[in-house]
**Student:** 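Before I ask anything, let me first share the structure, which is written out below as structure tokens.
Predicted model only: the values in this text are computed from it and were never measured. Below, chain A is the first sequence line, B the second, and so on; all start at residue 1. Any value given below was found using the heavy atoms of this structure, including those in side chains, with hydrogens, waters and symmetry copies removed.
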Amino acid sequence: MKAKIYVTLKPGVLDPQGKAVAHSLHDLGFDDVADVRQGKYLEVELTTPDKKKARADLEEMCKKLLANTVIEDYRIEIE
Amino acid sequence: MKSAVIVYPGSNCDRDMQVALRKITGSEPLMVWHGDSDFDKVDLIAIPGGFAYGDYLRSGAIAARSPVMREVVRRANQGVFVLGVCNGFQIVAEAGLLPGALMRNRDLKFLCKDVHLRVENAKTAFTSHYAGGQVIRVPVAHFDGNYFASDDELKALEDNGQVVFRYCTGDGELTGEANVNGSMHSIAGIINKPGNVLGMMPHPERLIEDILGGRDGRALFKSLLKTFPLAA
């Protein structure tokens, strides 16, 4: 099965890259852009058919490596 | 003093660290390859600068989970001294030996220049050869040096005197401009509460003799030598 993992900066953590992207969008005329937050997207292929185990493993993966929980949140979607 | 330098694929300040330790402590450091978690007992483990494992995912993230780092964490928890410089600071923070995280520099630029640092705590085993409040000049070379920690962590760091170096002007003033990478509280280096793990973004090992442009980094290694005299 395939899992999609979204890693995003926690609210309140400054995101200078997101700010730079927002500036650039403004320069292109997208005046409605209020803010941009940049994050990471990972696809993880798993061999187990057990969704419950997969979710538990993915949680551990996020906590141990994929996200730095000092500054980042994560969200897991399993297909 | 016995020391070791951890060498990762992508380390690039390991030789500078080796030379600094050899010249100032008078004994040859062990160079420990990242896959080797079984190395001799040492007093100090240095994690050098560079781009360990290409800094994939996040700076220091993969290196912090490597077998050798698990051993470093185990020894650090037993009181062995650990010095993480630049990428080494990112690695020890990612490994949980120090609080907080090193984020992308405020101005989104790789910074490679000399900066001034104010020695905030000269009572640590790493800084006793400096004077409290002394201003030193040391190079930085990093993209991700913007120190972040939660309000609670920052308060604890400040209350416990764990902030060891801050970016400042040549006169020792803390200004937004002198805080080159946007770090919270202008933090350039911190120490853990027991006092055996120091992480810093600037490179003291790059400034140990006049031919390198200055000697302001020497005192850090001399301080360690005082803690671990040669005879020991």
**Student:** Which bit of A:K19 comes within less than 4.5 Å of chain B, counting heavy atoms only: side chain, backbone, both or neither?
**Tutor:**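 It is neither, since no heavy atom gets under 4.5 Å.
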
**Student:** Please state whether the side chain, the backbone, both or neither of B:L108 comes within less than 4.5 Å of a heavy atom of chain A.
**Tutor:**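 For B:L108, the contact with chain A is made by the side chain alone.
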
**Student:** Could you tell me whether B:D151 atom CG has more than 12 heavy atoms of other residues or ligands within 6.0 Å of it?
**Tutor:**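 Open.
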
**Student:** Can you confirm whether B:Q78 is buried at CD, in the sense that more than 12 heavy atoms of other residues, nucleotides or ligands lie under 6.0 Å from that atom?
**Tutor:** yes

**Student:** Are more than 12 heavy atoms from other residues, nucleotides or ligands located less than 6.0 Å from atom OH of B:Y56?
**Tutor:**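 Open: at most 12 neighbouring heavy atoms sit under 6.0 Å from OH of B:Y56.
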
**Student:** Looking only at heavy atoms, what is the nearest atom pair of B:R106 and A:P16, with distance?
**Tutor:** O-CB, 3.5 Å

**Student:** Is the number of heavy atoms from other residues, nucleotides or ligands under 6.0 Å of A:D27 CG greater than 12?
**Tutor:**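 Counting other residues, nucleotides and ligands, CG of A:D27 exceeds 12 neighbours.
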
**Student:** Within a reach of under 6.0 Å around OH of A:Y41, are more than 12 heavy atoms found that belong to other residues, nucleotides or ligands?
**Tutor:**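 Atom OH in A:Y41 is packed in, count exceeds 12.
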
**Student:** How about NE2 on A:H23, more than 12 heavy atoms from neighbouring residues, nucleotides or ligands closer than 6.0 Å, or not?
**Tutor:** no

**Student:** Mind checking the CG-OG spacing from A:N68 to B:S59? Nearest 0.5 Å is all I need.
**Tutor:**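 The CG atom of A:N68 sits 11.0 Å away from the OG atom of B:S59.
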
**Student:** Say you draw a straight line from CG of A:L14 to CE of B:M103; how long is it, rounded to the nearest 0.5 Å?
**Tutor:** 7.0 Å

**Student:** If you take all heavy atoms of A:V13 and B:F148, which pair is closest and at what distance?
**Tutor:** CG2-CZ, 3.5 Å

**Student:** Can you tell me which portion of B:D107 sits under 4.5 Å from chain A's heavy atoms? Options are side chain, backbone, both or neither.
**Tutor:**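 Contact with chain A is absent: no heavy atom of B:D107 under 4.5 Å.
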
**Student:** Nearest 0.5 Å, please: how far is CG in A:L65 from CZ in B:R65?
**Tutor:**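 Reported value, rounded in 0.5 Å steps: 5.5 Å.
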
